[in-house]
Amino acid sequence: MWNVGEILEGRYRIGRVFTGGAMGIVYQARHLAWDIDLAIKHPRSKFLQSSQQRRDFESECETWSRLGLHPYLATCFYTREIGSLPCVVAEFVEGGSLGDWIADRRLYAGDDAAIVARIVNVTIAMAWGLDSAHDAGLIHCDMKPGNVLMANDETAKISDFGMAKELSGAGVGFAPGWTPAYASPEQLRHDLVGRATDIWSWAVSVLEMFTGGIQWQSGPVAGAALDEFGERGRKAVGLPPMPEALFDLLSRCLRFKPAQRPASFAEIAGELCEIYEDEFGEPCDAQKPDLELVASDSLNNRAVSLLDMERRTEAEALLRQALTDDPQHPEATFNLVAARKTRSNSIEVWAAKNLQVAADAEPGNEVTRHLLAQLQNWLGGKAKIPLAAVFAKPRSGSDFSADVTRFRRLMDKTDAAIAESRWDDARRYARMCGDIEGFGRHPRLRRIRESLSKSP
């Protein structure tokens, strides 16, 4: 174990140590160059007894790091050896785990309506996060509240893909390391695992939120526990009842045969959004994330991670791809200059112009103006530009869900106006879209603007 205050590799200063996890030890650490807190985790030795186990762990974590930014997934920056141990370096989420929130009752603050709304929002966020992982070909294999992190704004983020498996075809072989109380029947039988495996464990986790704690020792018993819960009116002592429609959904997710469960988390999340709106008369906060909004951010994020491991050629390729997708991306522009070891007047002038265009497009974006000032100081010889200095951080679902809805509606109005040749209306709607903070350079808006520039 590393000690609080210890500095590793000249790069990470250990803050707190969390030793309670069954799978590994987690450290809160300060990245001294990036000036942000990270979570560093390494598995316990019993899960790394062979070189193949070590290679599998590193491979699956590398896949996790390629998932990119997502409001409902904890970001994995990279996996690397630290002190001869393979470690995951990931986003640190300050609120603790969903398991903590269940145990200390933070999940149950407020009146019954507030509790149900919070729980359903969390279940939807988990579903969207797992849907994205599945789309990328990654099966979690140990879905449980202890592996869901909670930000202070109540945004849930799926974490701990260290025991995940890459999916190919109908399923993958037996995946060790799962937690018995959440395990699917196929996991206990040591059968193939797949998307349906995570669906089972997700449903068990949702049931736990409404019962206030695990009341079964083996995951396959959860179906019977749900039936008993239904006989008690879908209600645990001191907690509000589970909505009937959600109970019916969980019943389908806890069918013993994987093929009889819902086909995907996209289907589940869509149904949950309808359940929320039926219950509360308004859309939930945890809407389907607009990943196009953060696509270039993901590439920049990955590039800075590679720079931290001194993989400069790969990092520059990702930064150029980010700028192909979003030509005025501020952080990618700045980092491409920072990544180069030699000074080049042409690229420095280009970068300054690019950042000025980005700043003009989003006048309220202080990050862009800060980067522009840093670059100008460097060009004037007043300061050194730091290597890999910045990050494009994901906005949480609760931060941008309302803005996403407004943006989509305005974009739809813009498209309709263009289809009807109402050019003044289209330009007005496009300007309104650009005024939404964080959306001024959205690829969809950029395509609309290019189209309008050629219109009468």
Side-chain angles (χ1 to χ4, degrees), residues 56-57 59-76 88 90-91 98 121-149 155-179 182-187 191-206 219 249-250 252-255 257-274 284 286-295 298 302 394 397:
D56 287 347
F57 171 78
S59 174
E60 308 308 342
C61 291
E62 179 71 14
T63 303
W64 177 15
S65 71
R66 292 198 299 269
L67 291 178
L69 298 184
H70 191 290
Y72 309 128
L73 292 175
T75 301
C76 176
V88 179
E91 172 185 9
L98 176 59
N121 261 310
V122 168
T123 67
I124 297 171
M126 291 165 62
W128 286 130
L130 288 166
D131 177 61
S132 187
H134 286 188
D135 282 350
L138 198 62
I139 307 303
H140 193 286
C141 296
D142 193 25
M143 189 66 259
K144 60 182 180 181
N147 286 336
V148 179
L149 301 178
T155 299
K157 293 172 176 281
I158 307 294
S159 182
D160 206 343
F161 285 84
M163 297 299 161
K165 290 294 177 184
E166 292 187 66
L167 179 66
S168 58
V172 294
F174 171 61
W178 38 263
T179 305
Y182 305 90
S184 64
E186 58 269 23
Q187 285 175 297
D191 285 348
L192 292 176
V193 298
R195 293 177 176 86
T197 303
D198 282 348
I199 287 173
W200 177 283
S201 301
W202 169 87
V204 177
S205 300
V206 176
L249 173 59
L250 294 189
R252 284 178 274 130
C253 293
L254 292 176
R255 289 172 176 165
K257 293 184 178 180
Q260 295 179 349
R261 298 170 204 158
S264 71
F265 272 112
E267 175 185 327
I268 290 170
E271 189 170 336
L272 285 167
C273 287
E274 293 178 3
C284 65
Q287 293 294 313
K288 182 176 182 179
D290 183 353
L291 297 183
E292 191 174 24
L293 176 65
V294 295
S298 291
R302 178 68 177 149

**Request:** For Ala156, check side-chain contact (heavy atoms from CB on, under 4.5 Å) against everything at least two apart and list the hits.
**Result:** Val122, Ala125, Val148, Met150
**Item:** Cys141 versus Lys165, closest heavy-atom pair with distance
**Value:** SG-CG, 4.0 Å
**Prompt:** Which heavy atom of Ile139 sits nearest a heavy atom of Gly194, and at what distance?
**Reply:** CG2-O, 3.5 Å
**Fill in**
Sorted by chain and number, sequence neighbours left out, side chain to side chain donor-acceptor pair (under 3.5 Å) with Thr197 holds for Glu186
**Item:** Side-chain (Arg261) to main-chain (Arg255) donor-acceptor, under 3.5 angstrom
**Value:** yes
**Residues that Glu292 engages under salt bridge (Lys or Arg N to Asp or Glu O under 4.0 Å), provided they are two or more places apart** = Arg447
**Request:** Identify, with sequence neighbours excluded, every residue that meets side chain to side chain donor-acceptor pair (under 3.5 Å) alongside Glu274.
**Result:** none
**Complete:** side chain to side chain donor-acceptor pair (under 3.5 Å) filter on Asp131, not counting sequence neighbours, yields none
**Item:** side chain to side chain contact (heavy atoms under 4.5 Å, CB included) evaluation trace for Ile158 with Tyr72
**Value:** CA-CA 6 Å; Ile158 307 294; Tyr72 309 128; 5.7 Å; no
**Request:** Can you sort out the partners of Tyr182 under ring-ring contact (aromatic ring centres under 6.0 Å, His included), two or more places apart, ordered by chain and number?
**Result:** none
**Item:** Met143 versus His140, closest heavy-atom pair with distance
**Value:** N-ND1, 3.5 Å
**Prompt:** In chain order, what residues pass the ring-ring contact (aromatic ring centres under 6.0 Å, His included) check against Trp200, with sequence neighbours excluded?
**Reply:** Phe256
**Request:** Please report the closest heavy-atom contact between Pro71 and Pro289, naming both atoms and the distance.
**Result:** CG-CB, 3.5 Å
**Item:** Student check: side-chain heavy atoms of Ser65 and Arg302 closer than 4.5 Å
**Value:** yes
**Prompt:** When you look at Cys76 and Leu67, which way does the side chain to side chain contact (heavy atoms under 4.5 Å, CB included) test go after all the steps?
**Reply:** CA-CA 8 Å; Cys76 176; Leu67 291 178; over 6 Å; no
**Request:** Quick one: pull up CD in Glu267 and CG in Leu272 and give me the separation to the nearest 0.5 Å.
**Result:** 10.5 Å
**Complete:** side-chain contact (heavy atoms from CB on, under 4.5 Å) filter on Cys253, not counting sequence neighbours, yields Ile199, Trp202, Ala203, Leu249, Pro262, Ile268
**Request:** Test Met126 against Leu98 for side chain to side chain contact (heavy atoms under 4.5 Å, CB included), laying out the working first.
**Result:** CA-CA 11 Å; Met126 291 165 62; Leu98 176 59; 4.1 Å; yes
**Request:** Compare every heavy atom of Asp160 with every heavy atom of Trp64, then report the nearest pair and how far apart it is.
**Result:** CH2-N, 3.6 Å
**Message:** Given His134, which partner from the list Phe265, Trp128, Phe161 fulfils the ring pair (Phe, Tyr, Trp, His ring centres under 6.0 Å) test?
**Reply:** Phe265
**Prompt:** What is the minimum heavy-atom distance between Cys273 and Cys284, and which atoms define it?
**Reply:** SG-SG, 3.8 Å
**Message:** Just verifying a value: how many Å separate Asp135 CG and Ser264 OG, rounded to the nearest 0.5 Å?
**Reply:** 8.0 Å
**Rounded distance (nearest 0.5 Å) linking atom CG of Asn147 with atom NZ of Lys157** = 15.5 Å
**Flag, side chain of Asn121 to backbone of Ala286, donor-acceptor distance under 3.5 Å** = yes
